Amino acid sequence: MAQELMDKVVSLCKRRGFIFQSSDIYGGLSNTWDYGPYGIELKNNLKAAWWKANVHERDDILGMDAAILMHPKVWEASGHVSNFIDRYKDCLVCKKRIKADDPRWDPKRPNWCPECEHDGLGLTDIREFNLMLKTTLGAVEIGGMEAYLRPETAQGMFVNFLNILDSRHPKLPFGLAQIGKAFRNEITPGNFTFRTREFEQMEIEYFVRPSEADSKLAEWIDYRFSWYINLGLKKENLRKRPHAKDELAHYALACTDIEYNFPFGWSELEGIANRTDFDLKQHSQASGKELQYFDDSTKERFYPYIIEPSGGVDRSVLAFLVDAYNEEKVRDDTRVVLKLDKDLAPVKVAVLPLLRNRPEIVELARKINADLKKSSVSVYDDTAAIGKLYRRQDEVGTPFCVTVDVQSLEDKQVTVRERDTMLQERISVDRLKEYISGKLERVI
Ligand code: GAP
């Protein structure tokens, strides 16, 4: 049942142009995905909603955008060169690579493979593998410099700590926010866009006095949890899971994951960690630049602690797609509808002429569409009969359809159909833009 839901979402994504297999015409590159026309709109809307809630609506957070490539010493200082490691065993029988911390291992049967269930001498010893992807800068033939594609956006914010203090003079507590690509040479990617080697993160590094770290961590966990619910994820599909000590990252004192109940099980959407003063101290030592904060009021100099809410864009997109997917019986038919929040919906309104062979109707519909485009994301479609056009828009989550019919030519009114209720209302063309804008406005 759960796998069936996942298959349906994956199929809808391809069929309707949300997400495609990368390099499809060459047989595809495994676990690598491209966002199509609706996918990029959804992803951009999700990022915009995150930016609005975490940067524009707050006075204590500043946005930034650091480069993906950084000085290789960053990753030595951050501990990623020595600690960002996955451990795994290979099964020589089924050729599968299985993580050493996979819960399926049976401690009583050291030679048993949880994938093919062969119990013999078919497993390698544990091997270690650094997750950072390497690249070479400059002319390779004459000794180019080895660099990494960043595995987290966070370090770009830590190494700019002094630049931010000197240019913007923020007072504690304050944060930096960034959305950007990250890369990891994952050993076991999979589950569609859930775990990939190239993905986007939405990260906040929130600098606090060490004494406030626990209370700010708790505040951020609640704030981030509410964000997902306010944007439409069902509360029963979300939970908070504090990390056990032995699963904490090398830099973290504490961490709580926000998990989503994906069709393949409860899995991490976002981690909210207390990174202590680890990163600022490490970079101070390694760079020779003192990354302390000077408190004017107490005349103290110290390393702030960092609370880090770190979420995945692609994972969130997947969670919102799965959560919004609905099938409803409508008379003898099944309607597939993506009940996405209006802020996330790739298209906000579709203008549909009831009869495409009546030039006056087409002309009016096109005019209305051009007008709506000035204030919203509107599309025009006349490539099928009205029932089919509605279904198409339902499948991609368009909140409103505007239908122009013969009557519209006389009474200058159109029919507005709402996605979730399918209720229809006649609205005067003069008032339409204002009506749609009002409906799309976020009421908090
Ligand atoms: N700076 C902290 C950090 O990177 P993380 O838990 O390793 O922490 C944060 O990653 C978030 O990034 C995760 O919660 C997840 O949403 C996303 N993420 C991590 N690895 C990913 C992968 N291989 N594919 C897709 N998203 C990933």
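One-based numbering, in listed order, for ligands and for the atoms of each. Nothing here was measured: the structure is a model prediction, and the numbers come from that model.
Pairs of residues two or more places apart, or lying in two chains, never qualify as salt bridge (charged side-chain N to carboxylate O under 4.0 Å, His left out) while including a residue from residues 61-77. Listed by first and then second residue, the ring pair (Phe, Tyr, Trp, His ring centres under 6.0 Å) pairs involving residues 104-128 amount to none (not counting sequence neighbours).
Of the candidates E268, E198, M202, it is E268 that places a heavy atom closest to atom 14 (O) of ligand 1. For atom 1 (N) of ligand 1, the nearest non-hydrogen atom from the set R184, E203, E259 belongs to E203.
Nearest non-hydrogen protein atom to atom 18 (N) of ligand 1 is F199 CE1, 3.5 Å. The protein atom (non-hydrogen) at minimum distance from atom 10 (O) of ligand 1 is Q201 NE2, 3.3 Å. In terms of protein heavy-atom proximity, atom 9 (C) of ligand 1 is closest to S310 OG, 2.9 Å. Protein heavy atom nearest atom 17 (C) of ligand 1, with residue, atom name and distance: G312 CA, 3.8 Å. Atom 15 (C) of ligand 1 has as its closest protein heavy atom R315 NH1, 3.4 Å. Protein heavy atom closest to atom 24 (N) of ligand 1, with residue, atom name and distance, is T196 N, 3.0 Å. For atom 25 (C) of ligand 1, the closest non-hydrogen atom on the protein side is F194 O, 3.1 Å.
For L269, a nitrogen or oxygen atom sits less than 3.5 Å from a nitrogen or oxygen atom of ligand 1, counting backbone and side chain alike. Taking only nitrogen or oxygen atoms, main chain and side chain alike, G311 does not reach within less than 3.5 Å of ligand 1. Between E308 and ligand 1, an N or O atom pair is found at a separation short of 3.5 Å. Between T193 and ligand 1, not a single N/O pair is under 3.5 Å apart. Considering backbone and side-chain atoms together, R195 places no N or O closer than 3.5 Å to any N or O of ligand 1. Ligand 1 has no N or O atom lying under 3.5 Å from any N or O atom of E205, backbone or side chain.
Ligand 1 places these atoms under 4.0 Å from at least one heavy atom of E152: 1 (N), 2 (C), 3 (C), 4 (O). Counting the atoms of ligand 1 from 1 in the order shown, those under 4.0 Å from a heavy atom of E186 are 20 (N), 22 (C), 23 (N). Atoms of ligand 1 lying under 4.0 Å from at least one heavy atom of Y251, given by number and element, are 2 (C), 3 (C), 8 (O). Ligand-side atoms of ligand 1 in range of G271: 14 (O), range being under 4.0 angstrom from any heavy atom.
Note on ring orientation: taking the six-membered ring where Trp is involved, the planes of F18 and Y38 are tilted (angle from 30° to 60°). Using cut-offs of 30° and 60° on the angle between ring planes, the pair Y223 and W220 is perpendicular.
Q3 and D7 form a side-chain donor-acceptor contact under 3.5 Å, judged by distance and modelled atom types alone. Side-chain contact annotation: Y148 with E146, donor-acceptor N/O pair under 3.5 Å absent. A donor and an acceptor atom, one from each side chain of S310 and E203, are located under 3.5 Å apart. Inspection of the Y206 and E219 side chains reveals no N or O donor paired with an N or O acceptor under 3.5 Å. Checked by atom type, the side-chain pair E270/Y228 shows a donor-acceptor distance below 3.5 Å. No side-chain donor-acceptor contact under 3.5 Å links N83 and Y251.
When ring centroids are compared, F161 and F207 come within the 6.0 Å threshold.
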